[in-house]
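Order of appearance sets the numbers: ligands from 1, and atoms from 1 within every ligand. Everything quoted here is computed from the prediction, not taken from an experiment. The first residue of the sequence shown is numbered 1, and numbering continues consecutively from there.
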Amino acid sequence: ATKPSSCNHRFHEQHNGASGFGKANGGAKDSAFLGVSLSETMKSDFGSSVLRSHKGNNLSAGIRAQTATTTPGVKSSAPEGKKTLRKGNVIVTGASSGLGLATAKALAETGRWNVIMACRDFLKAEKAAKSAGMAKESYQVMHLDLASLDSVRQFVKNFRQSGLPLDVLVCNAAVYFPTAKEPTYTADGFEMSVGVNHLGHFLLARELLEDLKASDYPARRLIIVGSITGTTRTRCIPSIEAHPLTRASPCVLPGAPGNTNTLAGNIPPKANLGDLRGLAGGLNGLGGSTMIDGGEFDGAKAYKDSKVCNMLTMQEFHRRYHEETGVTFASLYPGCIATTGLFREHVALFRLLFPPFQKYITKGFVSEEEAGKRLAQVVSDPSLTKSGVYWSWNSNSASFENQLSEEASDPEKAQRLWQLSEKLVGLA
Ligand code: NDP
Ligand code: PMR
């Protein structure tokens, strides 16, 4: 479906109200420190870099794109033949809190973006936008519940009815159920974490690719938020200095000085999609498994698996569509935003200790504001147009292309994931 390329500011807000999905279940598991026994952690097969010290994040780093003037424009005529770039339209899923809200705010503040906040709780999103100080004319809230494929399809219809072109799609929303003893399910019967984080976004992104293709904006992007916890190290180059506490040589990735983004993916339970037999069985627990690899339900692993799916999906999009469409496909690890609602289902002790642990021990902590600037950079920075990239930031808040783990960059797995996901969401 082609859509008018001019920016139509009439907008039909759709309010379906909050859904009943995504709520916690079950009681809390017994927790050791931060939910993982340290001895178990230290036994796992990583070269320790956790305690490697590095400079704190430079929180003052801004969005480079805000000041950049080099972006070639979709041109609307201006006096004296000057070309100006029209406001971009960006959909951000899960923009009612945490990273999504911070990104929406950062983009709105540039004055160059109209943010469509795609949220399951309309009222919460409106309140969040207001209290973040976002100007009324810089955003709209549209209802989207990723735990329902019908809602995803309805969202696409509503968005198209708005007449707005789509320039960037950010798949950001996620749920995490680390303490759940039993799985919960989406409206379509998929285990909730993979259902929301991967399958809902998969359908959304597949549908909206048409709209991205139709946009006349010069830098069209499809961004799927990934995470470090879904990636284990591919290779490790020990640096010279051993850490004074662990005596272990820290591992650094080539071109990523100070990068500690390798340990977190090795904290049990580790992501592992196996041969995808659970996904092939529908993830519904009806005779099959609720886990992608066919194993026993584990809420923390389900989340990490879903993040691997996010990163594989981004790469498969890139392989299939980048050349043909010119759309940039990207993923990222924004840093450890230990204060967000993502951890709302975790035990109280975890929520108390996690932020200082990340701030002072791992130094992987990043504020919501800083993380929002990072994602906003991936949305609009003219220097981040490379497709197929998994962006990360070093301790000076400079972006670099990170490497993905073997599993998260396996093209055969990505293809199989794509095909199975297509079937589950009704595209094949
Ligand atoms: P939050 O819980 O603060 O934000 C998640 C957002 O997703 C919320 O707006 C939530 O809506 C929304 N959401 C949840 N379920 C649905 C659904 N069914 N339909 C639509 N929206 C839904 O967490 P974060 O900001 O931390 O997470 C954002 C992204 O960042 C995720 O992809 C996460 O994996 C990633 N990430 C986070 C890290 C961290 O340290 N926090 C680290 C690495 C990656 P509501 O407000 O209604 O609950
Ligand atoms: Mg992890 C450099 C070390 C590092 C980093 C960057 C993270 C990020 N974590 C690190 C180390 C450790 N963590 C260590 C040594 C432990 C054992 C004490 C540890 C534990 C831990 C737990 C229990 N970490 C966690 C949890 C969670 O429940 C979080 C999670 O996995 O959510 C899925 C988490 C995280 N650690 C991170 C990041 C970014 C998270 C949030 C994960 C995400 O959204 O992917």
Side-chain angles (χ1 to χ4, degrees), residues 18-19 21-23 31-38 40-42 44 46 48-52 54 92-104 117-125 128 143-148 151-152 155 170-179 186-187 192-193 195-197 200-201 204 224-231 250 259-269 271 299-304 306-307 310 331-347 350-351 353-355 357-358 361-366 368 371-372 375:
S19 79
F21 296 110
K23 289 290 159 241
S31 69
F33 176 58
L34 292 172
V36 162
S37 101
L38 265 179
E40 189 185 0
T41 304
M42 294 313 175
S44 70
F46 50 78
S48 173
S49 60
V50 63
L51 299 171
R52 181 175 164 76
H54 60 119
V92 181
T93 69
S96 50
S97 69
L99 177 60
L101 178 62
T103 305
M117 301 169 71
C119 298
R120 63 176 165 177
D121 185 335
F122 185 89
L123 213 57
K124 180 178 177 184
H143 183 261
L144 167 66
D145 184 354
L146 289 157
S148 155
S151 172
V152 173
F155 173 83
V170 180
C171 298
N172 160 79
V175 287
Y176 175 40
F177 302 112
T179 59
T186 66
M192 187 67 79
S193 335
V196 168
N197 306 359
H201 277 135
L204 182 72
I224 309 179
V225 178
S227 181
I228 192 174
T229 53
T231 62
N259 173 33
T260 54
N261 295 359
T262 48
L263 172 61
N266 288 290
I267 305 296
K301 182 175 181 300
Y303 170 88
K304 294 176 185 183
S306 77
K307 290 284 115 185
N310 288 156
S331 186
L332 69 150
Y333 167 58
C336 187
I337 329 160
T339 52
T340 72
L342 192 68
F343 310 104
R344 67 188 97 177
E345 309 292 350
H346 227 312
V347 292
F350 177 91
R351 281 184 275 120
L353 295 179
F354 193 52
F357 172 68
Q358 292 293 345
I361 312 286
T362 73
K363 316 261 188 191
F365 180 86
V366 62
E368 294 179 29
L375 179 47

Find all atoms of ligand 2 within a distance of less than 4.0 Å from any non-hydrogen atom belonging to Cys336, and give their numbers and elements.
37 (C), 38 (C), 39 (C)
side-chain hydrogen bond (donor to acceptor under 3.5 Å, both in side chains) filter on Thr340, not counting sequence neighbours, yields none
For ligand 1 and Leu146, I'd like to know whether there is a polar contact (N/O to N/O, distance under 3.5 Å).
yes
So for ligand 1, is Gly94 a polar contact partner (N or O within less than 3.5 Å, distance only)?
yes
Polar proximity ligand 1 side, Leu342 side, N/O cut 3.5 Å exclusive:
yes
Evaluating non-hydrogen atoms only, which member of Ile267, Val225, Ile228, Ile361 is closest to atom 12 (C) of ligand 2?
Ile267
Hey, what do you get for CG (Asn172) to OG (Ser96), rounding to the nearest 0.5 Å?
9.0 Å
Does Tyr333, backbone or side chain, put an N or O under 3.5 Å from an N or O of ligand 1?
no
Test your reading of the structure: does Ile337 have an N or O sitting under 3.5 Å from an N or O of ligand 1?
yes
Checking heavy-atom distances from atom 44 (O) of ligand 2 to each of Phe177, Tyr303, Tyr176, the winner is Tyr303
Looking at Phe350, which atoms of ligand 2 are within less than 4.0 Å of one of its heavy atoms?
22 (C), 23 (C), 26 (C), 27 (C), 28 (O)
To atom 36 (N) of ligand 1, the nearest of Tyr303, Phe354, Tyr176 on a heavy-atom basis is Tyr303
Do you know which two heavy atoms are closest between Ala174 and Asn197, and how far apart they sit?
CA-OD1, 3.2 Å
Atoms in ligand 1 with a heavy atom of Ser227 nearer than 4.0 Å
43 (C), 44 (C)
One should read off an interatomic distance between Phe122 CZ and Met117 CE, to the nearest 0.5 angstrom, of 10.0 Å
Out of curiosity, Ser306 OG to His201 NE2, how far, rounded to the nearest 0.5 Å?
10.0 Å
Please confirm whether Ala371 approaches ligand 1 to less than 4.0 Å, judged on its heavy atoms.
no
Numbered atoms and elements of ligand 1 in range of Leu144, under 4.0 angstrom, heavy atoms:
19 (N), 20 (C)
Identify, by atom number and element, the atoms of ligand 1 in contact range of Ala147, meaning under 4.0 Å from any of its heavy atoms.
18 (N)
Considering both backbone and side-chain atoms of Pro334, is one of its nitrogen or oxygen atoms within less than 3.5 Å of a nitrogen or oxygen in ligand 1?
no
Per-atom filter on ligand 2: closer than 4.0 angstrom to a heavy atom of His346 are 28 (O)
Atom NZ in Lys304, atom CD1 in Ile267: separation rounded to 0.5 Å?
7.0 Å
Quick note on ligand 1: atoms under 4.0 Å from a heavy atom of Asp145 include exactly 17 (C), 18 (N), 19 (N)
Please determine whether any non-hydrogen atom of Gln358 lies less than 4.0 Å from an atom of ligand 2.
yes
Numbered in order shown, the ligand 1 atoms found under 4.0 Å of a heavy atom of Gly98 are 3 (O), 25 (O)
How close do Glu368 and Gly98 get, counting heavy atoms only, and between which atoms?
OE1-CA, 3.6 Å
Between Val175 and ligand 1, which part of the residue brings a heavy atom under 4.0 Å of the ligand: side chain, backbone, both or neither?
side chain
Evaluating non-hydrogen atoms only, which member of Leu353, Val366, Thr362 is closest to atom 4 (C) of ligand 2?
Thr362
Within-cut-off N or O pair, Asp121 and ligand 1, under 3.5 Å:
no
If only atom types and distance count, is the side chain of Ser331 paired as donor or acceptor with the main-chain N or O of Ile224 below 3.5 Å?
yes
By number and element, which atoms of ligand 2 are closer than 4.0 Å to a non-hydrogen atom of Lys304?
31 (O)
If you compare Asn172, Asn310, Leu204 by their heavy atoms, the one closest to atom 31 (C) of ligand 1 turns out to be Asn172
Is Gly100 in polar range of ligand 1, meaning some N or O pair under 3.5 Å apart?
no
Any side-chain heavy-atom pair from Phe350 and Thr179 closer than 4.5 angstrom?
no
Under 3.5 Å donor-acceptor, Lys307 side chain and Val225 backbone:
yes
Heavy atom of Cys119, distance to ligand 1 below 4.0 Å:
no
Note: ligand 2 atoms sitting under 4.0 Å from heavy atoms of Leu342 are 44 (O)
With respect to atom 2 (O) of ligand 1, which of Lys307, Met117, Arg344, Glu368 exhibits the smallest heavy-atom separation?
Arg344
Distance check, rounded to the nearest 0.5 Å: Ile228 atom CD1 versus Cys336 atom SG?
8.5 Å
Mind checking whether Tyr176 and Phe343 have parallel, tilted or perpendicular rings, split at 30° and 60°?
perpendicular
Is there a donor-acceptor contact under 3.5 Å linking the side chains of Asp145 and Ser151?
no
Using the test side-chain hydrogen bond (donor to acceptor under 3.5 Å, both in side chains), find all partners of Thr103 that sit at least two apart in sequence or belong to another chain.
none
Ignoring hydrogens and angles, tell me if any N or O in the side chain of Arg351 forms a donor-acceptor pair with the backbone of His346 under 3.5 Å.
yes
Do the side chain of Thr93 and the main chain of Ala173 share a donor and acceptor less than 3.5 angstrom apart?
yes
Test your reading of the model: is there a side-chain donor-acceptor pair from Asn310 to the backbone of Gly226, 3.5 Å cut-off?
no
Just which atoms of ligand 2 are under 4.0 Å from any heavy atom in Ser227?
43 (C), 44 (O), 45 (O)
Contacting atoms of ligand 2, where contact means under 4.0 angstrom from a heavy atom of Ala264
4 (C), 5 (C), 7 (C), 8 (C), 9 (N), 10 (C)
Could a heavy atom of Ala128 be found less than 4.0 Å from some atom of ligand 1?
no
